[in-house]
Amino acid sequence: MRTYLNYLGRNKLYTFVSVFGFAASLMFVILLGFYVRHEYTADRFHPNAERLYQYNRTGFGYYSPKPMAPYFQERIPEIEDYCRIFFTWSGENFFALSKSGEAHEADIMYADANIFDLLGYTLAEGDPKTALREKGSVVITRDYAGRLYGDENPIGKELNLNGQITYRITGILNPMNANSHIPPKDVIGDFASGADWAGDGWNISNYATYFLLRTGADARLVSEAMTHEIHTKLKLMEDSRIMLHPITRVYLEPEEAAAELRSGSKKNIAIMIAVVLLILVLSVMSYVNLTLSNGGGRAREVTLRRLLGSSRWRVALQLWTESLLMTVIGMLLALLGAFLMEPLFDEILNTRLELAQSFNLSVAGVFVFFVLLVSFIISVFPAVLISSFRPIEVVKGTYHRIFNGHISQMLVIAQYVIAMVLLIGAAIMYLQVEHLNHADFGYDTRHKLLVLHLVDSARHEVVRSEIGKISGVRAVGLACGTPFGSHNNCSDEIDGKTLDFHEFKMDEEALKILAIPIEPTGASASPAEQIYVNRSGYNTLEPGSDFRCNYIMGPKVVMGVLGQIRIGSFRDEVKDYSIQKIQDRDTAWSILVDYDPQTDLIEMKQRIADVLQKIFGTPYVKMKTSDEYMAEYSAPEHRVSRLMLLFSILAVLLTVMSVFAMSAVRIAQKQKEIAIRKVVGACERQILHIISRRSMWNLLMAFAIAMPISYYVMHRWLQGYAYRITGYWWVFPSALVLVGLVAILSLLGMARSAARSNPIRYLKDE
C-alpha cells in the first residue's frame, strides 16, 4: 500500500482526476439515490398504511360527496373506519391578523375528528381524540401560532380568519410530514365547519375520503361492492365505477391530477434513475480507463512483485485493495459534498431530502455494500489485465502495447456517448419547457394578473372602476376560472351522452382581455341561457337549427364557437370547454387585470391590495401573473432539465479530465515518434494532426452511437405531451461540436507542447 501511495504522489494529475471525478460522481449518485428513495416512500409513515385507501371515481378523481363514507361503512362490513377531508379551493384566501395587525395567510383544511388516529398526524399539545370533535374547533402549527401570538400559549384563544370566521384553538399540531400527497397545512379545522363551505348531499362532491379496511379485506371486492351500492341502491354515477387506491401509491400513481394534492412523476423518477446509472457508469469507465492508461507506470512494480514470487491473484488482490481505498476516499468526499449540496438539490427538486435524518443502520449497510461492490467493479478488469504482465515484456519494453489497443479507445468512445446523450437530453428538455411557457396557447397570455378574491354581485362595478383607475392597468374583468388558473370541471350524462366540460364564467371585459377567438352563430337568447363552446364541445352538444342544446346546467343556446385553447398544465389536450357570461347576481372568484408591461408590477399589486382592503376590508389577497402560473405548470420539467444540464456538465467534465490524463500518457508514449518525425521535417501542424486525429475519429464514432439513442429516448419522452416541440434536429450536431471542442481544447496545450519539444531530448540516448 505504501508503494501505491508513493505512486499516487508521483502522479498528481492521475490522483486528482481519479479522486475528484469519482467523488463528484458519487455525490450525485447519493443525492439522487436519496431523492428516489424519498419519492417511493411517500405516505408510508401513516399507521396501518397497508390497510389505508383513498376513494377514487373513474374520470373524477378523489372528489366524493359528504354522506358517502358513513353510508358505505354501515353497509360494507370490511370497512373499519373512514376519514373525510375538505381541501379549500385555490381561489379562496384565508388570513389571520397578528397582535401587531400584520396579515398572515392560513393554509387550512377541514377533517373528521379521527384524522390523528387514521392518518397519523400528531399534536404537540392537546388531546387528539377530542381536539376536532366540536364545531368551530381548530388545531394550528407552532410556527403559525408563533406568527400570530408570539410566545403566548394559543390553546383556548380565538382564531379569526378573514375577519368573519372565528374558531377556538384546541391543540398545537406537530409539523405534518412533507413526504405525502397531502401538503402540509398551517391549520386543520373540524369537519362540520368545513362542510358549511363545501356543501352537503349526494350531488356535491368536494371531499377526499380515506377508508381503513379490516385486516385481510380485499380492496378490489370492496370497490366492487361500493360501485354496486351506488348504481343499484342510489341510482347515482352509473357512468363510472369506484376504486380504492392504496395510500402508499397515491403520490406516484394519482387516478386523476388534483391541484389541492401533491403528486410525483414516475417518468421523472425513471429519468433520474437512468441518469444515476449513466453517471455511475461514466465514473467507473473514467477510473478504469485511467488505470489502464497508467498501467504502464505500474509495470515495473508488478514485475518486481511477480519476480519475488507473488501470484497473479495476490497482485489482483492488491489492486482491488487500492481500488477499495480510492472508493472509500471518494465516498467520504461524496458524502461531504452531498451535505453541502443538499440545499441546492432541495431547491431544484422542490423537496426536502433530510439526509441527516435519513441515515440509520440499514442505510449504512447499503453504503458499505455499495462501496464494496463499486470497488470490485472498478478493479476487476484492470486487475486481471495488469496482473497478466509478463516480466519478459517489461524487460523488453513492449508492455505499453497492451494499453495502446482498442480497450482504451472503446472506453473513451463510451464516455463521449454518455456526455452527448446527457447534453442532447438536457437541451431538448429545456426547449420543451420553453415551448410550454411561451408557445401559442390560443389566447393572449401576455401581461395578465389574476387577483384571487371573491367579488359579490353588489360590488362588481365598484371593483372594475376602482382598480381600473390604477396607473398601468389597461383593463379589468371578472371571472370564475381562467385557462391558466382554476376552473370548474362539469360532467353529467344528458340524453344518453356523457358530457365532460371545462367550464369558465367571465364578463365581457375578461373575454376581451384574453382575446379568445369567437365565431358568432347569430343566435339570440336571454343572458342566463347563453353559452359559448369550442368546436369539439359544439359537436358533443349537437345543438339544433336554433342553436339550442341540453347542457349540464340546463338548456342553453350556443351564441358562438370558441377557438381551441390550452388549459391548465398544457400537457393534455383539452377536448370540450365552455364559457358563460357572468350574471349580475353571480359572485366572481377572481379579478383579471391586463397591465402595461412598463408598469412597476410590485407597486401595482400593492395599490390593488389597498383598493380591495378599502372595498372589502381584507388586508390580505393573493395575486399571480399568468407567467407565474405557467412556470408552475412546467416546474417539474424545468427541475428535471436543470438537473440534466448539471449532469451534462459533470459528464463533460469527467470525460475531459479523463481524456486529458490519458492524452498525457499517450503523448508521452509518442514522444520518440514525434521526435523522429520532427527530425525528418514534419511541421508543428502535422504533429498536432497526428496527435489529435484519433480523438476526432472517437468523437465521430461516439456521435454515430449517441444520436439514435438520444433521438429514441427523447422522442418517447416528448410523446407524453399533447403540445411538444418540433424541428430540434440542430441539437444533435451542436452536442457533437460542444463535446468535440471541449475535448480538443483539453489536450491542445499538451499537444502543442509535444509538437514544440526539442527532439534531441528524446533521441540523445538512441
- Message: How close do L159 and A96 get, counting heavy atoms only, and between which atoms?
- Response: CD1-CB, 3.9 Å

- Does a side-chain heavy-atom distance below 4.5 Å link K129 with D117? yes

- The reported gap from CG in L52 to CZ in R44 (rounded to nearest 0.5 angstrom) is 12.5 Å

- Item | E105 vs K622, salt bridge (Lys or Arg N to Asp or Glu O under 4.0 Å): CA-CA, chis, key distance, verdict | CA-CA 9 Å; E105 180 183 5; K622 287 182 181 178; 2.8 Å; yes

- Message: Can a donor-acceptor pair be found, under 3.5 Å and without considering hydrogens, that links the side chain of N48 to the backbone of R51?
- Response: no

- Message: Counting C-beta onward and ignoring hydrogens, is there a side-chain heavy-atom pair between F484 and Y443 closer than 4.5 Å?
- Response: yes

- Of the options K505, K556, Q530, E529, which is the one that meets Q580 in a side-chain hydrogen bond (donor to acceptor under 3.5 Å, both in side chains)? K556

Output a table of donor-acceptor pairs, distance under 3.5 Å, between side-chain atoms of residues 208-216 and any protein atom two or more places apart or on a different chain; print 'none' if there are none.
from: T209; atom 1: OG1; to: S64; atom 2: OG; distance (Å): 2.7
from: Y210; atom 1: OH; to: Q54; atom 2: NE2; distance (Å): 3.4
from: Y210; atom 1: OH; to: H181; atom 2: NE2; distance (Å): 2.7
from: R214; atom 1: NE; to: P77; atom 2: O; distance (Å): 2.7

- Can E253 and R249 be said to form a salt bridge (Lys or Arg N to Asp or Glu O under 4.0 Å), step by step? CA-CA 5 Å; E253 301 175 12; R249 288 164 45 189; 3.0 Å; yes

- Item | S578 versus Y551, side-chain donor and acceptor atoms under 3.5 Å | yes

- Query: How many angstroms lie between NE2 in H460 and CD1 in I591, if you round to the nearest 0.5 Å?
  - Reply: 10.0 Å

- Distance col, row K575:NZ vs F501:CZ, nearest 0.5 angstrom, shows 9.5 Å

- Message: Which heavy atom of L449 sits nearest to which heavy atom of M623, and what is that distance?
- Response: CD1-CB, 4.0 Å

- Task: Just do the side-chain contact (heavy atoms from CB on, under 4.5 Å) check on Y35 and T351 with the steps written out, would you?
- Result: CA-CA 8 Å; Y35 172 71; T351 188; 4.0 Å; yes

- Message: Does Q613, at its CD atom, have more than 12 non-hydrogen atoms belonging to other residues, nucleotides or ligands within less than 6.0 Å?
- Response: yes

- Residues in salt bridge (Lys or Arg N to Asp or Glu O under 4.0 Å) contact with D507, at least two apart in sequence or another chain: R464

- Note on the structure: Between the CD atom in E80 and the OH atom in Y82, the distance rounded to the nearest 0.5 Å is 13.5 Å

- Note on the structure: Value for OG1 (T540) from CG (D500), rounded to nearest 0.5 Å, stands at 9.5 Å

- Task: Taking T170 for its side chain and V138 for its backbone only, find out whether a donor-acceptor pair lies under 3.5 Å.
- Result: yes

- Is any NZ, NE, NH1 or NH2 atom of the basic residue among D196 and K135 found under 4.0 Å from an Asp or Glu carboxylate oxygen of the other? yes

- Does the side chain of L148 come within less than 4.5 Å of K99's, by heavy atoms? no

- Would you find more than 12 non-hydrogen atoms of other residues, nucleotides or ligands less than 6.0 Å from E158 atom CD? no

- Item | Validation row: R220, L244 side chains within 4.5 angstrom (heavy atoms) | no

- Check for a donor-acceptor pair, side chain of E229 on one end and backbone N or O of M226 on the other, with a separation under 3.5 Å. no

- Item | Backbone of E134 reached by a side-chain donor or acceptor of R168 within 3.5 Å | no

- For the side chain to side chain contact (heavy atoms under 4.5 Å, CB included) test, which of D610, V463, V455 pairs with I615? V463

- With under 30° as parallel and over 60° as perpendicular, where do the rings of H104 and Y144 fit, or are they tilted in between? perpendicular

- Message: For a 4.5 angstrom cut-off between non-hydrogen side-chain atoms, does P483 reach L514?
- Response: yes

- Indicate whether the side chain of Y62 and that of E260 have a donor and an acceptor atom separated by less than 3.5 Å. yes

- Ring-face cation contact, F72 with R75, 6.0 Å cut, 45° max: no

- Message: With a 4.5 Å cut-off on side-chain heavy atoms, are R84 and F86 touching?
- Response: no

- Message: Quick one about D576 and S536 (side-chain donor to acceptor, distance below 3.5 Å, no hydrogens or angles considered), yes or no?
- Response: yes

- Item | Pair Y207 and F191, ring centroids less than 6.0 Å apart | yes

- Please report the shortest heavy-atom distance between P67 and D200, naming the atom on each side. CD-OD1, 4.4 Å

- Message: Looking at every heavy atom in both L132 and V139, which two are closest together, and how far apart are they?
- Response: CD2-N, 4.1 Å

- Query: Going by the angle between their ring planes, with limits at 30° and 60°, are Y577 and F504 parallel, tilted or perpendicular?
  - Reply: perpendicular

- Item | By salt bridge (Lys or Arg N to Asp or Glu O under 4.0 Å) - contacts of E102 (at least two apart) | none

- Query: Can E224 and R241 be counted as an ion pair, charged N to O under 4.0 angstrom?
  - Reply: no

- Is there a side-chain contact between Y40 and I269, using heavy atoms and a 4.5 Å cut-off? yes

- At what distance, to the nearest 0.5 angstrom, does CG of L612 lie from CZ of R459? 10.5 Å

- Message: Could you work out, with salt bridge (Lys or Arg N to Asp or Glu O under 4.0 Å) as the rule, every residue matching D107, not counting sequence neighbours?
- Response: K185

- Task: Go through the structure and list residues passing side-chain hydrogen bond (donor to acceptor under 3.5 Å, both in side chains) with Y251, not counting sequence neighbours.
- Result: E39

- When every non-hydrogen atom of A124 is compared with those of N174, the smallest separation belongs to CB-OD1, 3.2 Å

- Task: Ignoring hydrogens and angles, tell me if any N or O in the side chain of H46 forms a donor-acceptor pair with the backbone of G120 under 3.5 Å.
- Result: no

- Message: Can you list everything that forms a salt bridge (Lys or Arg N to Asp or Glu O under 4.0 Å) with D43? Sequence neighbours excluded, please.
- Response: none

- Message: Under a plain distance cut-off of 3.5 Å, with no hydrogens placed, do S193 and D190 share a side-chain donor-acceptor pair?
- Response: yes

- Determine the minimum heavy-atom distance between S180 and Y121, stating which atoms define it. OG-OH, 4.4 Å

- Got L173 and M176 here, is their nearest side-chain heavy-atom distance under 4.5 Å? yes

- Task: Could you check I182 against M109 for side-chain contact (heavy atoms from CB on, under 4.5 Å), going step by step and ending with a plain yes or no?
- Result: CA-CA 10 Å; I182 300 176; M109 72 182 188; 4.1 Å; yes

- Item | Sole residue of D112, I115, I188 in side chain to side chain contact (heavy atoms under 4.5 Å, CB included) with I85 | I115

- Output, in order, the C-alpha distance, side-chain angles, deciding distance and verdict of side-chain contact (heavy atoms from CB on, under 4.5 Å) for N153 and E125. CA-CA 10 Å; N153 187 346; E125 297 181 38; 3.9 Å; yes

- Any donor and acceptor pair, going by atom type alone, linking the side chain of T88 with main-chain N or O of I108 inside 3.5 Å? yes

- Message: Set out, in order, the CA-CA distance, both residues' side-chain angles and the distance that settles side chain to side chain donor-acceptor pair (under 3.5 Å) for T166 and N160, then state yes or no.
- Response: CA-CA 4 Å; T166 301; N160 189 281; 3.1 Å; yes

